[in-house]
Amino acid sequence: MQKLPAWADVVLLPLINLALAFLVSGLVILYIGENPLQALKVMVNGAMGSTRGWGYTLFFATNFIFTGLAVAVAYHASLFNIGGEGQAALGGLGVALVCLAVDWPFWWMALPAAIIGGAVFGAAWAAIPAWLNARRGSHIVITTIMFNFIASALMVYLLVNILKAPGMAPESAGFPEGSHLPTAYDVLGLFGIPFNRFAPLNVAFLVALAACWGVWILIWRTRLGYEIRAFGKSEPAAVYAGISPVRIIMVTMLISGALAGLMGINAVMGEAERLTLDAVQGAGFVGIAVALMGRNHPVGVLLAAILFGALYQGGIELEFEIPAISREMILVIQALVILFTGALDGMVRTPLERVFASLRKGAA
Amino acid sequence: MTMMNTLLGAAAALAVTAGAALAEPGLIIDLGGKFDKSFNESAYTGAQRYISEKGGAYKETELQSEAQREQSMRRMAESGANPVITIGFMNISTLDKIAPDYPEVNFAIIDGVVDQPNVKSVVFEEHQGSFLVGVLAAMASKTGTVSFVGGMDVPLISKFACGYAQGVKAVNPEAQVIVNMIGTTPAAWNDPVKGAELTRAQIAQGSDVIYSAAGGSGVGVLQAAADEGVYSIGVDSNQNYLHPGSVLTSMLKRVDNAVFQIFEEGETDSFTPGIQVMGLANQGVDWALDEYNEELISAEMKATVEATKQKIIEGEIEVHDYSTDGACPAL
């Protein structure tokens, strides 16, 4: 009887968490002597008040959709993949290799190849922890997070020693013109809709939407998805039903890693157009918060990713517009949102469940 | 369709031009933060000095991550700031990419060369300044072993190391110079712990003067040297005050002067694109003498280093620049 109604779980609870996070952030801003309402206005305006703001918000959201879906898919099999950071970094490498290897004549030829490159590299990076978990019983949380560090060291080695373009900065050569993905400015321009020319939002956003749809089909409309969920709910029951744990762990983690790896087509191919260090910018970890907040459902992930995208873009604007709010301050605000929506979810859930239980009693 | 593009482009250009009329200069502080007591702080100090002397205001933003360079530069240019200053060689490829999109905005880059018609590139002759502090290091050393802790392993930092080693060997040809780099990525600019570790390792090998060219990591180098009771040499900003009695001197790289000058050019409408070299002759680099280190510098040391400085300016001593051929005769 303690269960929440679905609408409260999906809409009310995240909103309460968000409001709490903003309340605490507001107190922090008040403490340093700035006006919290003004700060909120700058953030909202900066993230959604112009096509430039939207261009960046949805660009960040695209990254978070991929990494959020990666966490969500693994979660359905009760696997907590926190290696999105490393898998996305390797995915970026795969995308970069595809873009650099061939002098692509058209972007629509380069994109499918880059999707395959990013997915294969991301999946390969997830395959090792998956195998260790499936065959050797190594805990997936430990192995995936350790693989983030290995990935980061590997990327440093490659960018400093092998892929580095002439010059002092550790970054690869720029990708050829043909692999330039059309941006929102190019695409919307075809329909005569004006959009900021330099915002990095690009067709990878559409790929992300397609990935959301694909994950929904996979989890709720296929036999494999059913097996993944069955395994996630109860391993002994799944085994009894003839589902191979090794197969499910491997396949789920490969899909999860591939989704994280796809982030590369947005961040590496769509924006930087060359491979740089730290191309992932923490999106792998934000993906965990996105999946938690989105209740591991593709639609929830999409909405949560847009929220976090807005938070990122708004934070950058805030730093720019109000100099007293430093970059460390922005980090605090973002961290508070993650803390309240992710880690402290139970803090609000239990009292809320009581409220609903007593309401029900009152009605009965 | 093309018409639409042109119109939009024209509108964007107009917006930028309109902004330029009431332009404030803009400064983008690089990773490491504006209070790194070194490179970034020097730029920040220059901007602050300009504002306090000439009045007015400027726009400033601090980078939060590597991937944010392009966004910050565009944001700064679109906000109407002019000229826009970026500091550090990490900005070269980004600036090269975006500068053509804002032909009405003047950009400046410090420590890098970008060949665009609206970009001024300021480079410093760090090898000359490093040569001077190398002379001081060799004269202050009792063990005959001195050392160098660099930040990120790039030609720019080897240029410091090479100038330093040449200065040391000019005084004492037998001297040993140990060179270590903190890392190969930009994180090396902000790792004082590793800086301190390397310093202690060098002291264990007999070094008693340590020159640090490592941005924010240098704080750890100077701290370790002070803890172990040996001399250190600061870099970029004047760091003598950090540990009086331990910091022998600082190799001044007057990023603040460069920022000040570019702000001034912006205001008086005399901005000139192209490469500007700042060396000993035009106070781009120098060594620091103030109340915190005057007891460490003997009259003889001061006379020698000033004479050396004059000889370098007059061309009598030629300091080899590592970045020209990637080799160092003194190491």
Side-chain angles (χ1 to χ4, degrees), chain A residues 46 50 52 55-56 59-60 63 152-153 155-157 159-161 164-165 167-174 185-186 188-200 267-268 271-274 276-283 312-313 315-317 319-321 323 326-328 330-331 334, chain B residues 1-5 7-9 11-12 26 28-29 31 33-35 57-79 81 88-94 96-98 101-102 111-113 152-158 183-188 323:
Chain A
S50 63
R52 191 175 57 82
Y56 276 101
F59 165 76
F60 289 125
N63 288 341
S152 136
M155 295 299 282
V156 168
Y157 171 78
L159 279 173
V160 169
N161 295 298
K164 184 167 171 291
M168 282 193 273
E171 55 192 24
S172 79
Y185 169 78
D186 301 329
L188 293 174
L190 291 177
F191 304 104
I193 305 169
F195 200 86
N196 186 284
R197 211 171 118 209
F198 305 120
V268 175
E271 199 224 357
E273 300 190 43
R274 59 181 193 276
T276 54
L277 276 177
D278 187 28
V280 186
Q281 310 167 55
Y312 256 58
Q313 168 57 14
I316 290 165
E317 285 294 315
E319 202 261 59
F320 204 94
E321 292 290 331
S326 67
R327 54 181 189 165
E328 285 80 11
I330 308 297
L331 213 61
Q334 288 165 351
Chain B
M1 185 50 248
T2 334
M3 188 62 194
M4 189 70 194
N5 273 347
L7 277 177
L8 283 174
I28 302 175
I29 305 270
L31 297 174
K34 63 181 165 190
F35 298 121
Y58 74 103
K59 292 182 199 290
E60 178 188 285
T61 187
E62 273 184 273
L63 285 185
Q64 295 171 55
S65 79
E66 199 53 51
Q68 224 187 55
R69 292 181 190 283
E70 183 171 338
Q71 187 179 6
S72 295
M73 262 183 232
R74 289 193 186 280
R75 183 72 181 81
M76 196 54 107
E78 283 165 19
S79 76
F89 63 84
M90 292 296 293
N91 295 299
I92 294 173
S93 53
T94 314
D96 196 38
K97 177 176 162 193
I98 72 141
D101 291 341
Y102 305 94
D111 262 8
V113 176
M152 183 175 162
D153 192 357
V154 287
L156 175 68
I157 293 302
S158 297
T184 48
T185 67
S323 56

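Within every chain, numbering begins at 1; the chains are lettered A, B, ... in the order of the sequence lines, protein sequences first and strands thereafter.
A 4.5 Å side-chain heavy-atom check between B:E78 and A:R52 finds at least one atom pair inside the cut-off. Counting heavy atoms from C-beta on, the side chains of B:M152 and A:P170 come closer than 4.5 Å.
In summary, the side chains of A:Q281 and B:Q68 do not present any donor paired with an acceptor at a separation below 3.5 Å, with no hydrogens or angles considered.
Contact of B:L156 with chain A is made through backbone and side chain together, with heavy-atom distances under 4.5 Å. For a residue to count as touching a neighbouring chain, one of its non-hydrogen atoms must lie under 4.5 Å from one of that chain's; by this rule B:S323 does not touch chain A. Heavy atoms of A:E171 lying under 4.5 Å from chain B belong exclusively to its side chain. Of the atoms belonging to A:Y56, it is side-chain heavy atoms, and not backbone ones, that fall under 4.5 Å from chain B. Residue B:I98: no heavy atom, backbone or side chain, is found under 4.5 Å from chain A. Within the 4.5 angstrom heavy-atom criterion, atoms from both the backbone and the side chain of B:R75 approach chain A.
Interface summary for chain A: among B:K34, B:R69, B:E62, B:K97, the most heavy-atom pairs under 4.5 angstrom belong to B:E62. When the candidates B:K59, B:E70, B:M76 are compared by the number of heavy-atom contacts under 4.5 Å with chain A, B:M76 comes out ahead. The choice from B:D153, B:D101, B:T185, B:N91 that makes the most heavy-atom pairs within less than 4.5 Å of chain A is B:D101. Top candidate by heavy-atom pairs under 4.5 Å with chain B, chosen from A:E317, A:E328, A:E271, is A:E317.
Distance CD/B:E60 to CZ/A:F320: 10.0 Å, rounded to 0.5 Å. B:S93 OG to A:E273 CD: the interatomic distance, rounded to the nearest 0.5 Å, is 12.0 Å. Interatomic distance, A:L277 CG to B:M90 CE, rounded to the nearest 0.5 Å: 7.0 Å.
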